[in-house]
Amino acid sequence: MKYIVNAIWKHELSIDEEQQRAYMRAITETLNSEEYVLETIWYRIDEQTHGSVAVYKSEEAYNAFLEINEMQRNFAAEDHKISMLEQYKGPAFAVQTDLD
């Protein structure tokens, strides 16, 4: 069963979308997240806030990736001045693309 993680992130500076795409590309390649994560979406809420939606292959995949993900989040907080404001997570029970 897919596992979903939604979070809200605050940037110290205005969001640079090109820089954020490059950062997503780098962390995806470096952390080998494709083994655990099906999709990650970052979206703008305002000039200094973005939301994220991560779809993990399963809750087990989420838990297996958690330590690596926490290291990346700590790096983002220190190096990029991005901090998490809120997080919600749980197993998916209805997915449009998986309906019979």
With heavy-atom distances below 4.5 Å as the criterion, would you say the side chains of K2 and D98 are in contact? yes
Flag yes if I82 and M24 sit in one hydrophobic cluster, no otherwise; membership is Ile, Leu, Val, Met, Phe, Trp, Tyr, and two members link when side-chain heavy atoms are under 4.5 Å apart. no
Answer yes or no: does atom CE of M84 have more than 12 heavy-atom neighbours from other residues, nucleotides or ligands under 6.0 Å? yes
Would you say T40 and V37 make side-chain contact, with heavy atoms under 4.5 Å? yes
When the aromatic ring centroids of H80 and Y23 are compared, is their separation below 6.0 Å? yes
Path from L38 to V53 over hydrophobic side-chain contacts below 4.5 Å: yes
Ignoring hydrogens and geometry, is there a side-chain-to-backbone donor-acceptor pair from N69 to F65 under 3.5 Å? no
Interatomic distance, CG@L66 vs CE@M71, rounded to 0.5 Å, equals 10.5 Å
Can a donor-acceptor pair be found between the side chains of S52 and W9 at a distance below 3.5 Å? yes
Are T28 and E34 packed together at the side-chain level, in the sense that at least one heavy-atom pair is separated by less than 4.5 angstrom? yes
How many angstroms lie between CE in M1 and OG in S58, if you round to the nearest 0.5 Å? 10.5 Å
Which atom pair, heavy atoms only, marks the closest approach of H11 to L13? CB-O, 3.1 Å
Approximate separation, where rounding is to 0.5 Å, of R73 CZ and E78 CD: 14.5 Å
Do we see a donor-acceptor contact under 3.5 Å between the side chains of K10 and S83? no
Could you walk me through whether D46 and Q48 satisfy the side chain to side chain contact (heavy atoms under 4.5 Å, CB included) test, starting with their C-alpha distance in whole Å, then the side-chain angles of each, then the deciding distance to 0.1 Å, before giving a yes or no? CA-CA 6 Å; D46 61 38; Q48 290 181 276; 4.2 Å; yes
Roughly how far, to the nearest 0.5 Å, is the CD atom of E70 from the CD atom of Q72? 9.5 Å
Drop me the distance from Y36's OH to N63's CG, to the nearest 0.5 angstrom. 11.5 Å
To the nearest 0.5 Å, how far apart are CD1 in I45 and NE2 in H50? 8.0 Å
Find out if a path of hydrophobic residues (ILVMFWY) with successive side-chain heavy-atom gaps under 4.5 Å connects F93 to Y56. no
Is V55 reachable from W42 through a run of hydrophobic residues whose side-chain heavy atoms are each under 4.5 Å from the next? no
For the residue pair Y3 and Y62, is the inter-centroid distance of their aromatic rings smaller than 6.0 Å? yes
Give a yes or no answer on whether the side chain of T30 reaches the backbone of A26 with a donor-acceptor pair at less than 3.5 Å. yes
Cluster question for you: counting only ILVMFWY and a side-chain heavy-atom cut-off of under 4.5 Å, with indirect links fine, are V5 and I68 together? yes
Do you see a donor-acceptor pair shorter than 3.5 Å between the side chains of Q20 and R44? no
Return the minimal non-hydrogen interatomic distance between A92 and I4, and the atom names on each side. CB-CG1, 4.1 Å
